[in-house]
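Okay, so here's the structure we're looking at.
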Amino acid sequence: MKSPALIAAGLAAVLFASPAAAATGSPGAPGVGDSYYPLDGNGGYDATHYDIRLNYDPATDHLSGTTTILARTTQDLSEFNLDFLLKVSSVRVDNVAADFHTAGGELTVTPKAVLPKDRDLTIVVRYDDTPEPYRLYGYAGWQKTPTGALGVNEPQIAPWWYPSNDHPRDKATFDVSIAVPPGVEALSNGVLVNKQQTSPRWVRWNWRSTRPQAPYLTFLAIGQYDVRQGTAPDGQTLITAYGDDLGDNGPAARASVERTPEVLDVLSRYFGPYPFEAQGGVVDSSLGFALENQTRPVYDGAFFRAGTNTSVVAHENAHQWFGDSVSVDDWKEIWLNEGFATYAEYLWSDYQGEGTPAEVAQFTYDNIPADDPFWQVLPGDPGEQNQFADAVYDRGGMTLQALRTAVGDDAFFRIVKQWPQDKQYGTGTTTEFVALAEKVSGKQLDDLFTTWLYTPGKPAVGPNGQSAAAAAATAKPGSYDQIQQNHQLLAAGRK
């Protein structure tokens with residue numbers, strides 16, 4: 001039997017050793033290791049929910065407020081980063097003030113004590129700044145407009161207006177609450193929970209997204225809009241908004257975006273059930289491009305200069321499946337977003353009677369000379385500077401038509417429906433997509449994807465195979481010019 005003194009000594013050793021063991025820990029990685037944006041995202045924790053509560057004054061571009069982040073540690077964490085650019089006044093972790101500093105788009109937070117692995121966290125960041133002057137990776141994300149601002153961009157926009165784990169690998173749910181002066185509209189994702197005047201100076205708009213959402217797909221559009229609230233035929237909330245300065249483009253924009261429920265109905269026949277809780281769109285003449293913000297894409301008014309353009313509505317809403325629900329695991333995989341959105345334009349063209357996917361893809365292939373630089377961009381890994389090049393869209397779309405030719409219609413449409421079903425609310429890679437296509441079709445497809453995605457030069461055989469190569473050139477499909485104009489506008493306004 002041990003003596004009481006020895007027992008007491010052993011107990012003391014355990015008691016005094018435990019805090020020392022708990023004090024060990026390491027900083028979370030400052031990035032997730034993305035091929036193009038290595039500092040995007042962070043290690044050491046997973047975000048589960050963002051509560052963003054802000055005030056914004058359009059006259060001064062002054063943004064202030066608080067973001068509360070619910071997260072869970074994935075390691076013993078002594079320090080962690082958030083992706084953020086603005087001036088921070090305080091950070092609290094589980095209600096305890098933490099040390100912090102901001103540099104190079106990274107907000108580094110040092111809690112007072114090490115955070116054990118598998119612990120739920122509440123992180124509160126208070127900030128106050130003007131977003132427009134900031135640059136990240138050399139470009140501006142936040143756009144000040146004549147009547148407000150646009151927090152809309154890709155691959156990054158969150159760092160200009162809320163701190164986050166800014167990579168598609170870490171999705172979360174969102175509450176976005178933004179107070180603006182009376183007479184100014186403030187739009188975001190999901191459902192408008194309520195709108196209330198909180199003081200003579202402020203009207204607060206409260207938005208909620210209940211499905212997992214990547215940070216870059218969370219947006220703000222603040223300014224003068226005609227906001228329309230309704231219910232889609234399937235019972236979902238339908239919210240559309242049109243900038244007051246659209247001028248002659250306004251009627252064509254409305255005639256296009258108001259057909260969003262019809263577009264989603266058509267696309268769901270090919271891609272499966274729509275994956276989110278609301279739908280709609282925003283048109284603004286200051287944007288310069290279009291973007292697939294979750295539940296509510298945003299379009300520049302220029303898309304409607306020549307009249308109605310439901311093709312771009314099909315493109316951006318296809319992203320709700322390919323890009324939003326199933327996001328890129330690495331930004332080099334961007335063709336998985338844009339190739340499918342382009343193919344949705346082909347499918348919509350068929351629905352409109354303006355050319356089948358085979359006709360549109362083949363004409364696109366035939367119309368680009370072999371010596372065009374277009375064929376030197378590799379959609380499977382285009383490089384950061386070519387991330388939104390025409391080839392990512394058009395060669396990406398042709399890749400899918402080549403797949404359809406190789407495996408047949410039945411297998412092809414099972415593949416494009418199974419992919420968003422298997423990967424719903426997650427991320428995917430080209431390797432995983434090829435594996436799925438081979439499993440469903442029972443065919444070896446490495447050569448096809450290597451040729452279309454990773455080999456410089458024009459493929460010797462077009463997307464419809466040898467028979468199309470031997471046939472006479474097809475007439476230009478009715479949708480071709482509009483699809484090309486869409487892609488030029490989409491590329492021109494991006495980073």
Side-chain angles (χ1 to χ4, degrees), residues 54-63 85-86 129-136 138-162 176 178-181 183-189 205 207 216-228 239-258 260 280-309 312-313 315-316 319 388 485-495:
L54 305 173
N55 285 32
Y56 180 74
D57 183 357
T60 61
D61 196 36
H62 182 252
L63 182 76
L85 288 162
L86 306 188
D129 208 347
T130 54
E132 196 277 334
Y134 287 93
R135 301 292 184 270
L136 185 63
Y139 79 100
W142 185 266
Q143 295 181 62
K144 181 75 180 70
T145 70
T147 62
L150 292 167
V152 179
N153 221 311
E154 182 187 14
Q156 304 90 11
I157 188 56
W160 280 267
W161 64 283
Y162 72 96
V176 176
I178 178 77
V180 292
V184 176
E185 284 72 47
L187 299 146
S188 193
N189 311 73
W205 299 63
W207 299 88
Y216 88 95
L217 296 169
T218 308
F219 82 102
L220 280 181
I222 300 168
Q224 301 291 320
Y225 296 96
D226 171 20
V227 180
R228 302 181 175 196
I239 297 178
T240 54
Y242 304 92
D244 286 356
D245 60 351
L246 291 176
D248 292 343
N249 296 336
R254 291 179 175 87
S256 305
V257 178
E258 290 299 316
T260 296
V282 179
V283 186
D284 190 293
S285 61
S286 299
L287 185 60
F289 55 95
L291 187 63
E292 63 270 17
N293 303 314
Q294 191 158 305
T295 71
R296 197 151 295 116
V298 173
Y299 311 87
D300 188 88
F303 283 95
F304 310 101
R305 284 178 186 154
T308 55
N309 182 359
V312 72
V313 178
H315 181 107
E316 298 306 333
H319 279 310
F388 301 106
Q485 290 169 18
N486 288 345
H487 296 176
Q488 290 164 13
L489 280 170
L490 287 166
R494 298 291 180 89
K495 171 175 171 289

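Computed from heavy atoms alone, side chains included, the values below leave out hydrogens, waters and symmetry copies.
- Residues meeting the side-chain hydrogen bond (donor to acceptor under 3.5 Å, both in side chains) test with Asp300, sequence neighbours left out: none.
- Here Thr147 pairs with nothing under the side-chain hydrogen bond (donor to acceptor under 3.5 Å, both in side chains) rule; sequence neighbours left out.
- Formation of a donor-acceptor pair under 3.5 Å by the Lys144 side chain with backbone atoms of Thr60 is not found in this model.
- Nearest heavy-atom pair, His319 versus Glu292, reported as atom, atom and distance to 0.1 Å: CB-CB, 3.2 Å.
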### Message
Evaluate Phe289 against Glu154 for side chain to side chain contact (heavy atoms under 4.5 Å, CB included), listing each step before the verdict.
### Response
CA-CA 10 Å; Phe289 55 95; Glu154 182 187 14; 6.0 Å; no

### Query
What do the steps show when you test His315 against Leu490 for side chain to side chain contact (heavy atoms under 4.5 Å, CB included), and what is the final call?
CA-CA 10 Å; His315 181 107; Leu490 287 166; 3.6 Å; yes

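- Asp248 CG to Arg305 CZ: the interatomic distance, rounded to the nearest 0.5 Å, is 12.0 Å.
- In this view, Ala186 and Ile178, Val180, Trp205, Ile222 satisfy the side-chain contact (heavy atoms from CB on, under 4.5 Å) rule, not counting sequence neighbours.
- Every residue meeting the side-chain hydrogen bond (donor to acceptor under 3.5 Å, both in side chains) condition with Thr240, not counting sequence neighbours, appears here in chain and number order: Glu258.
- In this model, no donor atom of one side chain and acceptor atom of the other lie less than 3.5 Å apart for Asn153 and Tyr139.
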### Task
Begin from the C-alpha positions of Phe219 and Ile157 and carry the test side chain to side chain contact (heavy atoms under 4.5 Å, CB included) through to its verdict.
CA-CA 8 Å; Phe219 82 102; Ile157 188 56; over 6 Å; no

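- Of all non-hydrogen atoms in Pro181 and Pro58, the two that sit nearest each other are CD-CD, 3.5 Å.
- For Tyr299, the ring pair (Phe, Tyr, Trp, His ring centres under 6.0 Å) criterion is met by no residue, not counting sequence neighbours.
- For Ser188, the side-chain contact (heavy atoms from CB on, under 4.5 Å) criterion is met by Val176, Trp207, Leu220, not counting sequence neighbours.
- Tyr216 pairs by the ring pair (Phe, Tyr, Trp, His ring centres under 6.0 Å) definition with Trp331, not counting sequence neighbours.
- Between Thr260 and Val257, the shortest heavy-atom contact is OG1-O, 2.6 Å.
- Looking only at atom types and distance, the side chain of Asn189 has no donor-acceptor partner in the side chain of Asn293 under 3.5 Å away.
- Closest approach of Pro297 and Glu316 over heavy atoms only: CB-CB, 3.8 Å.
- When the salt bridge (charged side-chain N to carboxylate O under 4.0 Å, His left out) test is applied to Arg228, the partners found at least two apart in sequence or on another chain are Asp226.
- In terms of heavy atoms, Leu86 sits closest to Trp161 at CD1-CA, 4.4 Å.
- In this view, Asp244 satisfies the salt bridge (charged side-chain N to carboxylate O under 4.0 Å, His left out) rule with no residue, not counting sequence neighbours.
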### Task
Show your working on side chain to side chain contact (heavy atoms under 4.5 Å, CB included) between Val283 and Phe303 and close with a plain yes or no.
CA-CA 9 Å; Val283 186; Phe303 283 95; over 6 Å; no

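- Tested against Trp142, the residues Tyr56, Trp160, Tyr162, Tyr134 include a single ring-ring contact (aromatic ring centres under 6.0 Å, His included) partner, Tyr56.
- Leu150 meets the side-chain contact (heavy atoms from CB on, under 4.5 Å) test with Gln143, Thr145, Val152, Ala221, Tyr225, Asp284, Ser286, Leu287; sequence neighbours excluded.
- Partners of Asn249 under the side-chain hydrogen bond (donor to acceptor under 3.5 Å, both in side chains) rule, at least two apart in sequence or in another chain, do not exist in this structure.
- Judged as a side-chain contact (heavy atoms from CB on, under 4.5 Å), and not counting sequence neighbours, the contacts of Gln488 are Gln484.
- Of the possible donor and acceptor atoms, none in the side chain of Arg296 sits under 3.5 Å from a partner among the backbone N and O of Gln294.
- Leu246 and Ser285 get closest at one heavy-atom pair: CD2-N, 4.0 Å.
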